[in-house]
Amino acid sequence: MGTELLAGAPLVAARRLLGAELTGRGVSAVIVEVEAYGGPPDGPWPDAASHSFRGAGGRNLVMFGPPGYLYTYRSHGIHVCANVVCGHDGVAGAVLLRAASVCVGAEVAGARRGPAIRPAALARGPGNLCSALGITMEDNGIDLFDADSPVRLTLGDPLPAVDGPRVGVSKAADRRWRLWLADRAEVSAYRRSPRAPAPGASD
DNA sequence: AAGAGGATCATCT
DNA sequence: GATGATCCTCTTT
């Protein structure tokens, strides 16, 4: 199982990533919450909320490359967020990793996150997830299926998913492109962007 | 339990 | 000059 399973549409790849195991720098975690992101208006998956909506250039180049690579970006100046690139070479798509359940190396993750963090919160939220696994902007563009990479991904069998709108996006705010595993304490809370139009207004 | 606000800076207009 | 694919803390029910 490898990159060929991520070569399709973002929402399909997102489903595949639920339950997958992400290993980075002494910590392994099972992915329990993700969000799908598409590409430009003239591509197969137009998505105004995506970093790649306005075409390739700047930080988003990795999103236009082949699947199975890590796309990292900095959010609000401070936090690092991690995506798994999906689709195929030349067509932008990615899946944001929003929350994971730490199964190996909880002490290491705790040392990175701080002493008072409860186990379920170690990798809850995209910024916290990267912090727990030691993922930084230096990791942008690495191959997640290369045995020599510092961060690696192992896919498993598909699991049943719950869906809902994506967190914090002001565009396409009603699109149900967030997926998570039911009854998981690690899933982050939903917050609609204050800038998004009223629910149901448009997409 | 839920909502409001501020920190902070790379990227884009 | 404005805008966030966030997170933490403080205030209000």
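So that the names make sense, note that chain A is the first sequence line, chain B the second, and so on, each numbered from 1.
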Notebook entry, point to check: Is any side-chain N or O of A:Arg98 closer than 4.0 Å to OP1 or OP2 of C:dA5?
Noted result: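 Checking C:dA5 against A:Arg98, no side-chain N or O comes under 4.0 Å of OP1 or OP2.
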
Notebook entry, point to check: Does the side chain to side chain contact (heavy atoms under 4.5 Å, CB included) test come out yes or no for A:Ser188 and A:Glu33, once each step is laid out?
Noted result: CA-CA 8 Å; A:Ser188 52; A:Glu33 183 191 4; 2.7 Å; yes

Next item on the list: Before giving the answer on side chain to side chain contact (heavy atoms under 4.5 Å, CB included), spell out for A:Ile135 and A:Leu70 the whole-Å C-alpha distance, their side-chain angles and the decisive distance to 0.1 Å.
Entry: CA-CA 10 Å; A:Ile135 296 172; A:Leu70 184 69; 4.2 Å; yes

Notebook entry, point to check: Which nucleotide in the list B:dT13, B:dT11, C:dT6 gets nearest to the side chain of A:Arg54?
Noted result: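 In terms of side-chain proximity for A:Arg54, the closest of B:dT13, B:dT11, C:dT6 is B:dT13.
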
Notebook entry, point to check: Can you list, by residue number, the residues of residues 19-37 of chain A that have a non-hydrogen atom closer than 4.0 angstrom to DNA chain C?
Noted result: A:Tyr37

Item checked: Nucleic acid contacts of residues 105-125 of chain A, taken as heavy-atom distances under 4.0 Å to DNA chain C ->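 Nucleic-acid contacts, sorted: A:Arg113, A:Gly125.
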
Check: Do NZ/NE/NH1/NH2 and the carboxylate oxygens of A:Arg15 and A:Asp163 come within less than 4.0 Å?
Finding: no

Rounded to whole Å, please give me the gap between [atom1] in [X] and [atom2] in [N].
X        : N      : atom1 : atom2 : result
A:Met137 : B:dC9  : CE    : P     : 15 Å
A:His51  : B:dA10 : NE2   : C1'   : 11 Å
A:Lys171 : C:dT3  : NZ    : P     : 10 Å
A:Tyr190 : B:dG3  : OH    : C1'   : 15 Å
A:Phe53  : B:dT13 : CZ    : P     : 12 Å
A:Leu179 : C:dA5  : CG    : C1'   : 15 Å
A:Asn128 : C:dT6  : CG    : P     : 11 Å
A:Leu129 : C:dA5  : CG    : C1'   : 13 Å

Next item on the list: Any chance you could pull the hydrophobic cluster mates of A:Val169, using side-chain heavy atoms under 4.5 angstrom and chaining through other members?
Entry: A:Tyr37, A:Val62, A:Met63, A:Phe64, A:Tyr69, A:Tyr71, A:Tyr73, A:Val85, A:Leu96

Next item on the list: Could you tell me whether the side chain of A:Ser50 and the main chain of A:Gly38 form a donor-acceptor pair under 3.5 Å?
Entry: yes

Notebook entry, point to check: Any sub-3.5 Å donor-acceptor pair from A:Glu35's side-chain atoms to A:Val167's backbone N or O?
Noted result: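 Judged by distance alone, yes, a pair lies under 3.5 Å.
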
Would you say [X] and [Y] make side-chain contact, with heavy atoms under 4.5 Å?
X        : Y        : result
A:Arg175 : A:Arg166 : yes
A:Pro199 : A:Arg192 : yes
A:Val151 : A:Leu144 : yes
A:Phe53  : A:Lys171 : no
A:Val34  : A:Leu18  : yes

Checklist line | Working for side chain to side chain contact (heavy atoms under 4.5 Å, CB included), residues A:Leu17 and A:Leu153 | finding: CA-CA 9 Å; A:Leu17 287 168; A:Leu153 188 62; 3.6 Å; yes

Next item on the list: Convert the base pairs of DNA chain B into dot-bracket notation, remembering that pairs crossing earlier ones are written with [ ] and that bases paired across to another strand are shown as |; include only Watson-Crick or G-U pairs under 3.5 Å.
Entry: |||||||.||||.

Checklist line | Those residues that, when tested against A:Arg25, pass salt bridge (Lys or Arg N to Asp or Glu O under 4.0 Å) (two or more places apart) | finding: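 By the salt bridge (Lys or Arg N to Asp or Glu O under 4.0 Å) rule, A:Arg25 matches A:Asp139.
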
Margin query: Tell me which residues in residues 65-91 of chain A lie within less than 4.0 Å of DNA chain B, going by non-hydrogen atoms.
Written below: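 Close to the strand are A:His76, A:Gly77, A:Ile78.
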
Notebook entry, point to check: Given A:Thr136 and A:Thr72, is the side chain to side chain contact (heavy atoms under 4.5 Å, CB included) satisfied, shown in steps?
Noted result: CA-CA 8 Å; A:Thr136 71; A:Thr72 57; over 6 Å; no

